[in-house]
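Reading through the structure tokens given below for one structure.
Chain identifiers are assigned alphabetically (A, B, ...) following the order of the sequence lines, protein sequences preceding nucleic acid strands; residue numbering begins at 1 within each chain.
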Number of protein chains: 2
Amino acid sequence: MAKAKAPEKRVRILDAALKVFAEQGFYNARVADVARAAGVADGTIYLYFQNKDDLLISLFEERMEEIIAALRADLEATGGDALVRLRRMIERHLSMAVESPLLAEFITVELRQSAKFVREYENPRFQEYLTVLRDLVEEGQREGLIRSGMDSRLIVRAIFGALDEVLLTLTLASTTRSIDFREVAETLCDLFFHGMASGPRPGTMPRGPVVAP
Amino acid sequence: MAKAKAPEKRVRILDAALKVFAEQGFYNARVADVARAAGVADGTIYLYFQNKDDLLISLFEERMEEIIAALRADLEATGGDALVRLRRMIERHLSMAVESPLLAEFITVELRQSAKFVREYENPRFQEYLTVLRDLVEEGQREGLIRSGMDSRLIVRAIFGALDEVLLTLTLASTTRSIDFREVAETLCDLFFHGMASGPRPGTMPRGPVVAP
DNA sequence: CCGGCGATAATGAACCGCCATTCAGTTGTC
DNA sequence: GACAACTGAATGGCGGTTCATTATCGCCGG
């Protein structure tokens with residue numbers, strides 16, 4: 001329980017943790033490494049966080065909160081129909097590779113581990129991120145822009161997975177060459193919206209024998 | 001380098017490692033846990049593997065080799081055009097959630113970590129898996145079934161990411177309810193091939209000012 | 001203003017449990 | 001009896017965490 005009023009050091013520690021965890025991975029990183037990077041004594045970290053796990057989770061929570069808040073505000077400001085905002089969201093996601101590579105690396109690499117092994121931690125922020133995406137898809141379905149037959153939760157997982165993997169690739173590659181995430185976003189939108197098949201979609205009419213509504 | 005001629009125990013150890021790593025994660029698993037699960041003394045593991053990392057990598061390599069070999073054989077036997085075989089590959093990938101949940105969990109969760117932090121390990125098997133996918137996509141492009149404008153490497157990453165994420169979801173969920181991966185595969189194929197947008201694709205004709213051929 | 005006092009924040013050396021790895025000894029085999 | 005396979009208790013060191021000590025700060029009486 002970090003009830004202290006001093007905010008300064010807490011922030012330094014979180015920033016340092018992001019850097020260290022992104023570079024070395026959570027399990028390979030020593031608490032002492034984070035302390036050194038933050039310019040703080042080892043023990044100080046335990047004034048603000050219960051233990052190493054708590055540091056990881058706090059970092060996750062806070063960064064995700066920021067990301068989600070900024071995303072929501074941006075989508076609000078963007079306006080337009082669901083597809084326009086979906087495209088915007090995709091661009092934002094991929095832009096992390098350029099805007100904040102450390103954060104991108106941290107999230108793409110540590111997300112699964114933490115979700116799975118720091119049990120008793122439901123990872124509500126990640127769920128929330130998915131929900132933003134899902135709301136967009138379902139809004140698109142209501143507006144008739146997106147086919148209604150497709151399970152929105154599945155679609156959302158697929159889109160997120162694709163984005164996450166591509167972001168990881170971009171991040172790892174960006175140390176080498178500079179990349180144009182906008183072009184990448186463009187291609188992915190094209191894929192998600194219209195598919196990769198040549199020619200028109202066969203049988204656009206409602207599927208035959210589904211269970212009667 | 002495990003030069004021993006006894007195969008029996010090596011296999012038992014690898015099976016045990018898969019189980020333990022899948023359940024606890026590599027970093028949380030103790031070598032002693034693997035030994036116990038294999039019905040073997042701690043030290044025996046070091047007769048077959050250099051160290052814990054080597055055990056992880058060997059497990060990865062061998063399982064991926066099996067997966068890829070089986071996949072290649074299946075695709076060969078399946079025949080049909082690129083899209084048919086691509087669909088087949090997608091089904092196979094997702095079927096892991098049901099056929100071998102431990103393997104699915106191990107791969108979806110440990111892949112990124114190992115790829116990134118067991119450096120000096122290029123992860124050639126993973127690359128190979130992606131290559132199978134890529135060959136299918138490019139064949140489809142050559143046959144005119146898949147739009148040629150799209151960067152095959154990007155498409156492949158996106159598809160793999162989507163599959164991986166969905167497989168993870170299925171795997172975690174399958175402990176709770178039984179799932180129908182075929183239906184899921186169907187939806188994903190539909191998404192990849194035709195997109196989620198309602199109505200026809202705008203401007204199906206070749207893009208305007210490309211560089212003259 | 002000063003200086004001293006309690007409280008709070010910060011330090012970092014030492015502690016201690018954990019676990020990967022080893023190796024002297026045991027078992028089994030031909 | 002020699003050789004190889006195997007064992008599992010012992011080891012070593014690594015690193016998360018603690019806590020006695022020190023520094024810093026806010027405050028107030030003189």
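To the nearest 0.5 angstrom, Arg147(B) atom CZ is 10.5 Å from Gln141(B) atom CD.
In this structure, Ile45(A) places its CD1 atom 17 Å from P of dA9(C), rounding to the nearest Å. If you take CG of Leu47(A) and C1' of dA7(C), they are 14 Å apart, rounded to a whole angstrom. Straight-line distance from the CD1 atom of Ile13(B) to the C1' atom of dA5(D): 12 Å, rounded to whole Å. Regarding Gln24(B), its CD atom lies at a distance of 11 Å from the P atom of dA20(C), rounded to whole Å. Rounding to whole angstrom units, CD of residue Glu8(B) and C1' of dT29(C) are separated by 18 Å.
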Tell me, with the steps shown, if Phe26(B) and Phe106(B) meet ring-ring contact (aromatic ring centres under 6.0 Å, His included). CA-CA 9 Å; Phe26(B) 177 72; Phe106(B) 173 68; 8.9 Å; no
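The residues Glu128(B) and Arg72(B) are annotated as salt-bridged, a charged nitrogen and a carboxylate oxygen being separated by less than 4.0 angstrom.
Within the structure, every side-chain polar atom (N or O) of Lys9(A) is placed at least 4.0 Å from both OP1 and OP2 of dA9(C). Distances shown here put a side-chain N or O of Thr44(B) below 4.0 Å from the OP1 or OP2 atom of dT7(D).
Listed by chain and number, the residues in a side-chain contact (heavy atoms from CB on, under 4.5 Å) with Leu71(B) are Leu75(B), Met89(B), Arg92(B), Tyr129(B), Val132(B) (sequence neighbours excluded). For Glu65(A), the salt bridge (Lys or Arg N to Asp or Glu O under 4.0 Å) test picks out Arg125(A), with sequence neighbours left out.
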N/O-N/O pairs, protein side and nucleotides 15-22 of chain D side, under 3.5 Å:
unit_1	atom_1	unit_2	atom_2	d
dG16(D)	OP1	Ala29(A)	O	3.4
dG16(D)	OP1	Lys52(A)	NZ	3.3
dG16(D)	OP2	Val31(A)	N	2.6
dT17(D)	OP2	Tyr46(A)	OH	2.7
dT17(D)	OP2	Lys52(A)	N	3.0

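Within a 6.0 Å sphere centred on CD of Glu143(A), other residues, nucleotides and ligands contribute more than 12 heavy atoms.
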